[in-house]
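The next block holds one structure in the form of structure tokens; read it before the comments.
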2 protein chains.
Amino acid sequence: MNKISDKKIERIITYRRVLLRLDKQLGKTHVFSHQLASSSGASSAQVRRDLMEIGYTGSPAHGYEIRGLLDSIGEFIDPDQKEGIALVGVGNLGRAIIDYFNGQSSKLEIVTVFDVNPDKIERVISGCRSYHVKDLKPVIIEKKIKTAVITVPSGSAQSVADELIEAGVKGILNYAPITLTVPHGIYVENRDMITTLEKVSYFAKNNTNK
Amino acid sequence: MNKISDKKIERIITYRRVLLRLDKQLGKTHVFSHQLASSSGASSAQVRRDLMEIGYTGSPAHGYEIRGLLDSIGEFIDPDQKEGIALVGVGNLGRAIIDYFNGQSSKLEIVTVFDVNPDKIERVISGCRSYHVKDLKPVIIEKKIKTAVITVPSGSAQSVADELIEAGVKGILNYAPITLTVPHGIYVENRDMITTLEKVSYFAKNNTNK
DNA sequence: AGATGTGAATGGGTTCACAGCA
DNA sequence: TGCTGTGAACCCATTCACATCT
């Protein structure tokens, strides 16, 4: 498999979302690259390049066939069936993410959650069985979970990450305001809200172009 | 002012967080670029380049003086005093962000929130006065708010964004799963959780390096 | 006429590598 | 010796531009 860049798959995932809306809500059957581009925050050349990468080709006359393109993207992004995700840290943010996420339809589903607070374990939270963090490793291993979300305080984020990785997790979405140190081959996305908001505020002040 | 890239200020903000911890918790007075780098997920050359950009210089003997560097970063990132942020959409996610955010100390503070649900307006939520979305424009104008967070459902995100921008907002942090269309000169950061998790899941499966 | 697919050019961010310095 | 500061080289993503197709 030829490696594909971070930004590129993010765009492709965005195309899919746009295509689903065009298909379902507007009942369209075809799109041109420039239409897909303007709904996705990309350029039309970028769209064409990206679709080239996944090997889907359109026609100059009608553009891209939406259903077919959706299938191609689906094969490319998630060839598997439903995949279970774990979430560690059932605070306000964690609970919000669970609710938000499992309301949407997607091949991904948060199926297991962990916390240290006894009030929050051995229960069912928004349809997910919750466990104590001390049982993290065996549960993750048993359920063969490969992707996890961290919403614990920054002090415990690194140790949680370490355990997740020991249990076989390969991708981590981290909301704790700390940069995780992970071995080669593990993918981490940091989404600390404070850093992000500070950045947005900076650009709001320093009125740049794009 | 010479324009500075998105990624670069994100790194600089991260450096600040690391420096604050080194200063407060560990009582260190100096750092070398490679230490700062490994705690921030950057390379040492990158750190040196970035600090060059903000005009701070260290010494080959001791590295960078932490307090001084913090001051320089502070001047660079937020020259102003406290800044008020608005948040639109007081669902689970919105409330989690308010609580999470206003617990931390930062020059930024969420001071005003909006919703359409009558149960949630004319009240004080986690210390923030809440208003109905119909009053969005006058309130934002009156409070001179320049940065806002959108946590409404995707169907209303674009119209909320339009109103925010009409009211003078220059930076938007968008959690709705839709790509906002905004005029030139407005900064938008999309942080849709579903897209992000789909991406992380993709890279968890396609075990790439880095 | 107007869109796709794609080699070629462009641009910008990252790394290299080394002079200069304590 | 080991680090900083920085020109130069490198690399990769985006854009340009155009032949091609309907």
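Protein chains get the first letters and strands the later ones, always in sequence-line order, with residue 1 at the start of each. It should be emphasised that the depicted structure is a prediction, and the values quoted were computed from it without experimental measurement.
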| remark: Separation of C:dT14 atom P from B:Lys8 atom NZ, nearest Å, is 7 Å
| request: Using heavy atoms to find the nearest nucleotide of DNA chain D for A:Arg11 and B:Gly63 separately, return the residue whose nucleotide is more 5′. | output: B:Gly63
| request: Not counting sequence neighbours, list each pair that qualifies as a salt bridge (charged side-chain N to carboxylate O under 4.0 Å, His left out) and has a residue in residues 58-73 of chain A. | output: A:Asp23-A:Arg67
| task | Would you mind reading off the distance between A:Leu51 atom CG and C:dT4 atom P, rounded to a whole angstrom? | result | 9 Å
| task | Starting from the 5' end of DNA chain D, give me the residue, A:Pro60 or B:Gly58, whose nearest nucleotide shows up first. | result | B:Gly58
| query | Contact class for A:Ser5 (heavy atom, under 4.0 Å): base, sugar-phosphate, or nothing? | reply | sugar-phosphate
| query | Rounding to a whole Å, what distance do you find between A:His34:NE2 and C:dG2:C1'? | reply | 9 Å
| field | Atom-to-atom span, CD of A:Gln35 to P of C:dA3 - whole angstrom | value | 9 Å
| field | Rounded distance (Å) that lies between atom C1' of C:dG11 and atom CG of B:Asp6 | value | 17 Å
| Residues which pass side-chain contact (heavy atoms from CB on, under 4.5 Å) with A:Lys8, listed by chain and number, not counting sequence neighbours | A:Ile4, A:Ser5, A:Arg11, A:Ile12, A:Asp50, A:Glu53
| said: Quick test of your reading: applying side chain to side chain donor-acceptor pair (under 3.5 Å), list the pairs with at least one residue in residues 148-159 of chain B, sequence neighbours left out, ordered by first then second residue. | reply: B:Gln158-B:Asp162
| task | Heavy atoms of chain B, cut-off under 4.0 Å: which first and last nucleotide of DNA chain D, 5' to 3', fall inside that, if you could look? | result | D:dG2 to D:dA8
| request: Please name all residues satisfying side-chain contact (heavy atoms from CB on, under 4.5 Å) with A:Asp192, sequence neighbours left out, ordered by chain then number. | output: A:Pro177, A:Ile194, A:Thr195, B:Arg17, B:Tyr100
| query | Tell me, which pairs form a salt bridge (charged side-chain N to carboxylate O under 4.0 Å, His left out) where one or both residues lie in residues 25-40 of chain A, sequence neighbours left out? | reply | none
| query | Taking CD1 from A:Ile54 and P from C:dG5, how many angstroms apart are they, rounded to a whole number? | reply | 11 Å
| query | Does any N or O in the side chain of B:Asn174 come within less than 3.5 Å of the main-chain N or O of B:Ile178, such that one atom is a donor and the other an acceptor? | reply | yes
| task | Would you kindly give the CD-to-P distance between B:Gln46 and C:dA17, to the nearest whole Å? | result | 17 Å
| query | With sequence neighbours excluded, what pairs up with A:Glu83 under the side chain to side chain donor-acceptor pair (under 3.5 Å) test? | reply | A:Thr147, B:Ser201, B:Lys205
| Between atom CZ in A:Phe32 and atom P in C:dT4, what is the gap in whole Å? | 7 Å
| task | Determine the interplanar angle of the A:His62 and A:His30 rings, folded into 0 to 90°, and report it as parallel if under 30°, tilted if 30 to 60°, perpendicular if over 60°. | result | tilted
For nucleotides 6-10 of chain C, give me every protein contact, N/O to N/O, under 3.5 Å, one pair per line with atom names.
from	atom 1	to	atom 2	distance (Å)
C:dG7	N7	A:Arg49	NH2	3.1
C:dG7	O6	A:Arg49	NH2	2.8
C:dA8	N6	A:Arg49	NH2	2.9

| Would one find a side-chain N or O of A:Thr57 under 4.0 angstrom from OP1 or OP2 of C:dG5? | yes
| field | Results of side-chain contact (heavy atoms from CB on, under 4.5 Å) for B:Ser38 - residues two or more places apart only | value | none
